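Okay, structure first, notes after.
The sequence lines fix the lettering, A, B, ..., with proteins before strands; numbering per chain opens at 1. Just so it is clear, the model here is predicted, and its values are computed rather than measured.
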2 protein chains.
Amino acid sequence: MARKPQDVTDAELAVLQALWDGGTASARELTLRLYRRLTESNLATVQKLLKRLEDKDCISRNREAWPHVFTAAVGREELIGRRLQTTADALCEGALSPLLTHLVKTRRLSPQDRQALRDLLDELEDEGGRKDS
Amino acid sequence: MARKPQDVTDAELAVLQALWDGGTASARELTLRLYRRLTESNLATVQKLLKRLEDKDCISRNREAWPHVFTAAVGREELIGRRLQTTADALCEGALSPLLTHLVKTRRLSPQDRQALRDLLDELEDEGGRKDS
DNA sequence: CAGCATAAAGACAGAATGTCTATATTTCAA
DNA sequence: TTGAAATATAGACATTCTGTCTTTATGCTG
């Protein structure tokens with residue numbers, strides 16, 4: 001057997017990062033962002049990665065435009081969330097709280113960090129506290 | 001090329017979980033914990049996984065005892081930390097704070113959760129606040 | 001229509017992983 | 001002491017993943 005396919009592989013992630021950082025672009029443009037030199041195979045590689053990312057619903061492809069124009073369909077935060085969930089599934093029976101606890105306990109949090117966290121909690125207290133809104 | 005070797009694979013992790021949950025054990029005992037049936041190949045598979053875990057310094061093997069007795073050398077928390085760092089490296093340039101923020105923001109934290117978090121922060125304020133101790 | 005850029009499809013090599021087979025080693029009872 | 005049983009070790013292997021390249025098809029532009 002083999003391990004479950006990584007949701008987004010390293011090479012695919014590089015493409016996503018290029019989209020996040022530089023915004024919507026064509027395959028050609030993305031190739032230039034990722035590799036210095038633009039060769040025929042580099043471009044094909046990027047096309048293939050874009051195809052796979054499309055299959056995974058991680059990018060959207062505008063087929064009206066020519067050449068096609070690509071946009072990230074998932075954000076960094078989304079991916080962070082997925083990976084955290086994966087870790088939680090593997091090690092915490094799916095619960096995210098242990099990860100939170102771990103980060104707070106383990107990380108050397110500076111007083112500033114702690115204060116920022118308190119502030120964040122206060123915010124949640126205000127908005128998230130109520131059911132609606 | 002291929003992806004970088006996963007620090008601990010799924011099958012290896014299963015063995016570790018068996019050690020965490022049931023404590024120190026022989027290969028035979030672990031096989032019984034993992035598979036219902038104990039066959040020759042199951043046992044060999046577990047032995048191989050133990051070998052690989054040993055190479056990765058994730059378990060310790062007592063060679064004095066016969067049969068060898070195995071003990072987990074890394075804990076759940078340790079692995080959680082590693083995986084969080086991996087995620088941070090891939091998506092946050094190595095910084096863990098974004099993960100913390102993400103968890104606090106994204107997760108629907110119940111008032112109890114929030115309070116627990118505040119308490120945890122208070123604890124840190126007391127001990128971790130001072131340089132020494 | 002010719003020629004070029006782009007897209008799509010497929011082929012591949014190298015590596016990871018879980019599993020199994022074969023061999024060596026150790027223990028212990030007869 | 002010897003030989004069988006249990007255990008350990010080493011190696012093989014199928015399958016899958018992943019990044020990359022090649023080949024073929026398609027659409028645009030002059």
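In this structure, the CG atom of Asn42(A) is 14 Å from the P atom of dT6(C), given to the nearest Å. Note: CG (Leu32(A)) to C1' (dA5(C)) measures 14 Å, nearest angstrom. Spacing between atom CG of Leu49(B) and atom P of dT19(C) amounts to 7 Å, rounded to whole angstrom units. Taking atom CG of residue Asn62(A) and atom P of nucleotide dT6(C), one finds them 16 Å apart after rounding to whole Å. Between the CD atom of Glu12(B) and the C1' atom of dG18(C) there is a distance of 10 Å, given to the nearest Å. When the C1' atom of dG18(C) is taken as reference, atom CG of Leu16(B) falls 16 Å away, rounded to whole Å. Atom-to-atom, CG of Asp10(A) to C1' of dA15(C) comes out at 13 Å; the value is rounded to the nearest Å.
Using modelled atom types, one side-chain atom of Asp113(B) and one backbone atom of Ser110(B) make a donor-acceptor pair closer than 3.5 Å. Side-chain atoms of Trp20(A) come within 3.5 Å of backbone atoms of Val74(A) as a donor-acceptor pair (strictly under, hydrogens ignored). Formation of a donor-acceptor pair under 3.5 Å by the Arg28(A) side chain with backbone atoms of Leu43(A) is not found in this model. Side chain of Asn42(A) to backbone of Arg37(A): a donor-acceptor contact under 3.5 angstrom is found.
Nucleic acid contact class of Ala11(B) (heavy atoms, under 4.0 Å, all strands): sugar-phosphate only.
At its two ends the helix from dC1(C)-dG30(D) to dA30(C)-dT1(D) runs along axes set 10° apart, each axis drawn from five pairs and the angle rounded to 10°.
Remark: Glu77(A) does not engage Arg82(A) in a salt bridge, criterion side-chain N to carboxylate O under 4.0 Å. Salt bridge annotation for Glu125(A)-Arg118(B): present, with a cationic side-chain nitrogen under 4.0 angstrom from a carboxylate oxygen. Between Asp122(B) and Arg114(A), none of the side-chain N atoms (NZ, or NE/NH1/NH2) sits under 4.0 Å from a carboxylate O, so this pair counts as no salt bridge.
Two residues, Glu54(B) and Lys48(A), neighbour DNA chain D, and the one matched to the more 5' nucleotide by heavy-atom proximity is Glu54(B).
Rounding to the nearest 0.5 Å places CD of Gln17(A) at 12.5 Å from CG of Leu30(A).
Closest contact between the side chain of Lys51(A) and the listed nucleotides dC21(D), dA9(C), dC20(C) involves dA9(C).
Checking Arg61(B) against His68(B) by side-chain atom types alone, a donor-acceptor pair falls below 3.5 Å.
Taking side-chain N and O atoms only, Tyr35(B) has a distance below 4.0 Å to OP1 or OP2 of dT19(C).
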With the criterion being N/O to N/O and under 3.5 Å, what pairs connect the protein with nucleotides 4-8 of chain D, and how long is each?
residue: dT7(D); atom: OP2; partner: Arg28(B); partner atom: NH1; Å: 2.5
residue: dA8(D); atom: OP1; partner: His68(B); partner atom: N; Å: 2.4
residue: dA8(D); atom: OP2; partner: Gln47(B); partner atom: NE2; Å: 2.5

